[in-house]
Amino acid sequence: MALDYRKCAQEIFSHLGGRENLVSAAHCATRLRLVTVDNSKIDMKALENVDGVKGVFSSNGQLQLILGTGTVNKVYDEFLAVTGMTAATKDEVKAAAAARQPLPQRMVKALGDVFVPILPAIVASGLMMGLVEALGHAIPSFAGSDWYGFLDLVSATAFAYLPVLIAVSAARVFGGNIFLGGVVGLCMIHSGLINAWSVAGMETIPTWRLLFFNVKQVGYQGHVIPVIIAVWLMCFIEKRLHKVVPETIDLFVTPLVTVLSTVFLTFTIIGPIFSTAETYVLNFAQWLITVGYGVGALVMGAIYPLTVVCGLHHMYNIIEAGLLSEGSLNIWMPIASAANFAQCGACLAVALKSKNAKNKTVAIPSSMSAALGITEPAIFGVNLRFMKPLVCGMIGGAIGAMFGSIMGIGANAYGVTGIPGFLIVDSSKILPYAILLVISGGIAFGLTWFVWKEEAPETASASAPAAPEAETALPAVDCQPGAVYAPVSGTVIPSEEIPDETFAAGVLGQGVGINPSEGVVAAPFDGEISSVTETHHAVGVTSPDGMELLIHVGVDTVAMQGDGFTCFVQEGQQVKAGDKLIAFDRDKIAAAGHPDVVVLLVTNSDDYGDVSIQPGPCKAMDQVIQVK
């Protein structure tokens, strides 16, 4: 019996808590995607029992109802008619879902969005910086060489000018002019200011008297949060000015007022607040490490990564210098090492457990950088984005730091942690120091491995031109009733092995996956194209006797927004077995971090008594599914 799309839409709507509880609605190839005001008003059980709904779950602030290809678009049209809503794009739904998330999640997401574009710069610089510093300590003669100076210049640049990179990226995230953001960032580290990393040894610091503010002439090298707050303020001011300033003078008035007001407020209010916070954190840390039985070290080992996020960790050099000037061992170094190596362990667990190629590409070098004592790439690029690895790293760092304090580990110098720390640790404590690294990194790795679970990526925000048409020739075959032929050559795998829970569970019907060896999808039988996704990564085909098939290229490839895909058919078109349907770029899919498995599902398999599959190697047009 055919599904009543109108009735299905009405029943779905009746369990969503009313029109006032709906923010936006969109759909992809198989799912109706909704954003609601209050999920507690939704009757999830009733939704699961609606005729036509094959599954319901919530992900990243979206309520997703699995309806299946060829059905979801029809139910969606009726849903809009029933609710009076207007169609939304998947990007608009994603943005609406993000806006409904709790403030801490939105803040973490904003940090992630700011740092993702600049990750290549800080990952490469962090790794090089760790290596250069380690070589400088290991080979004193190298530390004074021209090569050391050159490599130190190259490796330190991204961190020395990090506020500028952050400012440009933050302006893009917050919707402001990225060049104005760059100017704000440059103002915060201007060469006319005293470098923030060298101000600690100065007895007097020059100031400006601006209105009733005394402004210290100190830069913000190494800072993160003040820069992001400043650029957020800049974008807020710029947007408001664009609305009120006449167009005839907007070109020069808005940028001038925006930059001047933002930099003034940054140096007079935002900056001093965080400078005061630095002082309190520093005093607290100095007091805490003196607390007995390793309790203080445990606390500092846990919160150390948070001070990295705030850009306060460079101030700890004052503690280390003070300890050494008094003739004591540097007992701060093992705390920092434990915290840093724990973030390395957590990041490494993500690198090894993740199936997403992009995550691996960032996490592997970031973990290596953290092992050498430079943790910004690991924290901002990986652990903070996923949050659980950051927390697991904090736990590992706390336990490792406590162990180091109890064992009395100390160093004879400062400036390096992690593996290079072996070069400065007290010679009698080399073995305990090695155990400290194993404890902190091992605990963080183990916890992350068991606690963190990779989430499937959601839709991306940009589209790109489709891949060029492939010229691969496909064989023609004589069609047989009930037979589904392989649309690509490759290896057939059971549906349970498809790396997507919905496909693997058979929610959308029984079928198989094919790990392809080529990038062209052919029609698996004679029939009619029943649906084509906007992003050209999936089509539905119906045979003359009513068998309905979904062909879906890759997992979560909807996020690629059509980039790498070319579709040769349209809805309602008649096709023969072997006709070209889709061309796809396997390299682009891999680069985007998605599996390229081609999924074949008989979406109305419940109408058949038997569905048999033939796993193993296959060539295009080999029979892989038989329904009876």
Side-chain angles (χ1 to χ4, degrees), residues 120-163 165 189 191 194-202 219 221-223 304 308 311-341 343-344 365-379 404 409-434 436-437 441:
I122 64 174
V123 169
S125 296
L127 188 56
M128 184 183 292
M129 184 182 292
L131 291 170
V132 171
E133 288 185 359
L135 286 172
H137 280 81
I139 310 173
S141 60
F142 175 72
S145 68
D146 292 341
W147 269 110
Y148 179 86
F150 172 73
L151 293 175
D152 183 59
L153 169 73
V154 175
S155 64
T157 298
F159 289 97
Y161 296 93
L162 184 61
L165 299 179
I189 58 167
S191 57
I194 300 170
N195 191 301
W197 294 335
S198 60
V199 72
M202 299 182 61
Q221 287 82 1
H223 289 264
Y304 184 89
V308 174
L312 306 178
H313 59 301
H314 294 291
M315 298 296 292
Y316 295 139
N317 288 338
I318 300 173
I319 298 177
E320 295 182 281
L323 290 168
L324 293 171
S325 66
E326 295 172 358
S328 304
L329 285 174
N330 175 8
I331 60 174
W332 177 260
M333 180 273 220
I335 295 174
S337 277
N340 290 345
F341 215 74
Q343 294 301 316
C344 163
S366 294
S367 63
M368 295 172 62
S369 173
L372 296 173
I374 310 298
T375 56
E376 283 88 346
I379 291 176
I409 300 174
N412 298 307
Y414 69 92
V416 293
T417 59
I419 293 175
F422 281 106
L423 301 171
I424 65 172
V425 73
D426 183 65
S427 58
S428 64
K429 299 296 182 180
I430 290 179
L431 180 59
Y433 182 72
L436 175 147
L437 297 183

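Residue numbers count from 1 along this sequence.
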Please table the atom pairs, donor to acceptor, closer than 3.5 Å between any side-chain atom in residues 418-434 and protein atoms at least two apart or in another chain.
unit_1, atom_1, unit_2, atom_2, d
Asp426, OD2, Ser428, N, 3.4
Asp426, OD2, Ser428, OG, 2.4
Lys429, NZ, Met407, O, 3.0
Tyr433, OH, Ser337, OG, 2.7
Tyr433, OH, Gly418, N, 3.3
Tyr433, OH, Gly418, O, 2.6

Exercise for the section: For Ala158 and Leu165, work out which heavy atoms get closest and say how close. Expected result: O-CD1, 4.0 Å
Handout entry: Residue list, side-chain contact (heavy atoms from CB on, under 4.5 Å) with Phe142, at least two apart or on another chain
Key = Leu135, Ile139, Ser145, Trp147, Tyr148, Leu151
Completion exercise
Here the pair of heavy atoms bringing Ser155 nearest to Val132 is OG-CG2, 4.4 Å
Fill in the blank from the handout: In short, Pro163 meets Ile189 closest at the heavy-atom pair CG-CG2, 3.6 Å
Completion exercise
dist Ile379:CD1 -> Gln343:CD (nearest 0.5 Å) comes out at 4.5 Å
Exercise for the section: Check for a donor-acceptor pair, side chain of Thr157 on one end and backbone N or O of Leu153 on the other, with a separation under 3.5 Å. Expected result: yes
Practice task
Search all heavy atoms of Ala378 against all heavy atoms of Ala370 and return the closest pair with its distance.
Solution key: CB-CB, 4.0 Å
Exercise for the section: Look up atom CZ in Phe341 and atom OG1 in Thr375, then write down how far apart they are to the nearest 0.5 Å. Expected result: 12.5 Å
Problem - Distance, nearest 0.5 Å, that separates CD1 of Ile335 from CG of Leu436 - result: 10.0 Å
Fill in the blank from the handout: Value for CE (Met128) from CD1 (Ile374), rounded to nearest 0.5 Å, stands at 12.5 Å
Practice task
Supply the atom-to-atom distance Ser366 OG to Glu376 CD, rounded to the nearest 0.5 angstrom.
Solution key: 11.0 Å
